[in-house]
Each structure stands twice: as structure tokens, then as C-alpha cells.
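Structure first, then comments.
For ligands, and for the atoms within them, numbers begin at 1 and follow the listed sequence.
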Amino acid sequence: MNSCARALLSLCSVLCLAGTSSSETVNLPKAVDITWSSINFKTILEWNPKPSNYTYTVEVSSPLSNWMKKCQYVNDTECDVTSLLKDVNRTYTARVISEVRATDNIEEFPYSQSPEFTPYEQTILGKPVIESFDLKKDSGKLHVLIKDALTPYRFGNQSFMTVRDIFKNDFVYTVFYRKASSSGKKQESSPSNEIVVNVEKGESYCFFVKATIPSRKTNRDSQDSDEKCTESGGNNEFDLTILVAVITSVVLIVVIVVLSVIICKCRKAKNEKTKEAKPLNSAYLLQSVTTQ
Ligand SMILES: *[C@@H]1O[C@H](CO)[C@@H](O)[C@H](O)[C@H]1NC(C)=O
Ligand SMILES: *[C@@H]1O[C@H](CO)[C@@H](O)[C@H](O)[C@H]1NC(C)=O
């Protein structure tokens with residue numbers, strides 16, 4: 001036990017010395033596994049390992065710019081660098097510096113360089129969101145309205161840019177649709193976020209949406225949106241069932257009211273008859289009690 005404790009103590013003193021001695025700072029662990037994680041232009045740089053006794057600072061540059069600092073002296077292993085990547089067509093490089101807050105700036109701290117990253121080419125398109133849809137069963141047209149996703153970037157007037165504002169004509173949505181009763185899929189693409197699909201009259205449909213950037217060689221498609229079915233809301237049949245339910249309950253209420261009025265009147269009429277009879281009855285009763 002004693003020798004074990006002594007060994008631990010000596011190990012600790014070695015580590016503590018390494019931590020405090022400034023001549024050793026160049027031996028700080030370097031960041032590894034640096035990756036860019038980016039969806040709809042929100043971009044986070046991630047790396048390993050978790051720091052102990054030191055911190056990280058991130059710097060980003062593109063061929064035409066100096067190194068710009070972000071997340072200075074952090075204990076994290078991630079950094080939101082979105083604000084440094086506004087020129088989305090540029091190719092950026094980041095470096096993650098391992099450092100301790102030093103008073104003398106002569107010290108060169110170790111760093112690792114990230115892979116290159118071009119937001120326009122590499123940001124992943126988020127799962128599209130279907131804002132609304134409408135199936136006109138009599139004319140056989142399925143209208144689908146898709147919400148253009150917002151990016152973290154703003155116009156001069158402070159409103160957020162959508163992915164469409166950045167990709168412009170280099171952006172299409174595709175609706176994949178099928179009859180609710182079968183699995184055979186068809187598709188319809190459009191550069192607009194409002195898509196009208198011609199479908200068979202009287203049928204119900206299920207569909208989902210995908211966004212695509214045609215100019216890309218990789219990462220062209222977004223994830224699939226959630227699947228929607230025309231039975232589950234928003235279409236004519238649904239409205240009709242509500243209408244039928246409302247009419248039925250109104251009719252029921254009217255019937256109940258009318259019936260109760262009639263019943264009430266009958267009762268009143270009866271009561272009046274019995275009232276006339278009652279005094280006589282009680283007089284008879286009194287008489288019969290007294291005579292006994
Ligand atoms: C980015 O590049 C694409 C094609 O490479 C081009 O169509 C688009 O206009 C560029 N966008 C900006 C903001 O420069
Ligand atoms: C802000 O500017 C953009 C582009 O000029 C425009 O599309 C958008 O409608 C504007 N938003 C507001 C709230 O004025």
C-alpha cells in the first residue's frame with residue numbers, strides 16, 4: 001500500500017511539473033480528428049482530445065485572408081465558426097492551437113491543421129420541411145408547399161437568407177409520391193418551393209420531399225423529409241368528415257330540444273290535472289282518518 005501511494009505521488013509530481021513548467025508547453029497535445037460539421041451553412045469545427053491543463057484556440061483563413069481567431073482559450077472540443085465563413089464560395093482552412101494563457105508571447109504553441117472546407121460545395125442540406133399540402137381529389141392535383149430552410153446568414157436588412165437565396169437557380173426540390181395503397185413511387189422535380197403533381201382522381205397519396213443542388217458532384221441531395229399522407233390532414237375528405245360530424249350533432253341537439261319541450265308540456269298538462277284532484281283526495285283522507 002505504502003509503495004503504491006509513493007508511486008502515485010511521484011507520478012503526480014512529474015505530471016504537475018510538466019503542467020506548470022513553461023519550457024514544456026510546446027509538448028502540449030495537438031488536436032486530432034478535426035472535422036467540419038455543417039448543415040444549411042451553420043458550421044461547427046470539431047476535434048479531439050478533451051483538454052486538461054491547457055486550452056484551445058481556433059483560427060480560420062482562406063487564400064485571400066489572414067488568420068481570424070474564434071473560440072479563444074476554450075476548454076471545448078468544438079467551435080461554431082459560421083461567422084467566419086460568410087463568403088460561401090471560398091475554400092477555408094482552420095487550425096486548432098493548443099495553448100496555455102502565457103504572459104510572454106514568444107512561445108510558439110503547437111497546432112493542427114484541418115482539411116479544407118468550401119461551404120457552397122460541402123454544407124449538407126437539412127431535411128426539407130413540408131409547410132402544407134392539399135389534394136384536390138376531383139381534379140387530381142396534389143399541391144405541395146415546402147418551407148425554404150433558413151441559413152444563419154442575413155441580408156443587409158437583417159432578415160435571414162434562405163438556402164434558396166444562396167443557391168439561387170442551383171437548387172431543386174423533388175416530390176416522391178405513391179398511391180397510399182401501393183409502394184410504386186413516382187417523382188416530380190421543380191426549382192420552385194410550390195409543386196403541383198398530377199395524380200389519379202379519387203386516390204389518396206403519400207409523399208416526401210428531397211432538396212438537390214444539381215451543380216454538386218458529392219453531397220448533392222438532402223435527407224428525405226418526413227412522409228405525409230393525404231388522409232392524415234389537410235385534404236377534402238378530412239374537411240368532409242368534420243362537416244358531417246358537425247351536422248349530425250346539430251341535428252341531434254335539435255331533436256333533443258324538441259323532444260324535451262314536448263315531454264315538458266305533457267308533464268305540465270298532467271300535473272295540472274292531478275293538482276285539481278289532490279285537494280279532494282286529501283279532504284277524503286282527513287275525513288276517513290277522523291271517522292275511524
Ligand atoms: C458560387 O459558385 C457558383 C458556381 O460555382 C455560382 O453559381 C454562384 O453564383 C457563386 N455564388 C456566389 C455568392 O459567389
Ligand atoms: C430583405 O432583403 C431581401 C433581399 O434584398 C428581401 O428579399 C427581403 O424581403 C427583405 N426583407 C424584409 C423584411 O424587408
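Distances below 4.0 Å separate heavy atoms of Ser159 from the following atoms of ligand 2: 1 (C), 10 (C), 11 (N).
Under the 4.0 Å distance rule, the nearest protein heavy atom to atom 2 (O) of ligand 1 falls inside the cut-off. Within the 4.0 angstrom cut-off, atom 5 (O) of ligand 1 has no protein heavy-atom neighbours.
In terms of protein heavy atoms, atom 8 (C) of ligand 2 is closest to Asn157 ND2, 3.8 Å. Phe155 CE1, 4.5 Å is the protein heavy atom nearest to atom 7 (O) of ligand 2.
Comment: Lys70 does not engage Glu59 in a salt bridge, judged by the lack of any side-chain N to carboxylate O separation of less than 4.0 angstrom.
No donor-acceptor pair under 3.5 Å is formed between the side chain of Arg164 and the backbone N or O of Lys168. A side-chain donor-acceptor contact under 3.5 Å links Thr57 to the backbone of Tyr73.
A side-chain contact (heavy atoms from CB on, under 4.5 Å) with Thr93 is found for one member of Ser62, Pro115, Ser114, Pro63 and no other, namely Ser114.
Among the atoms of Asn89, some N or O lies under 3.5 angstrom from an N or O of ligand 1.
For the pair Arg95 and Tyr111, the distance from NZ or CZ to the six-membered ring centre is under 6.0 Å and the angle to the ring normal is within 45 degrees.
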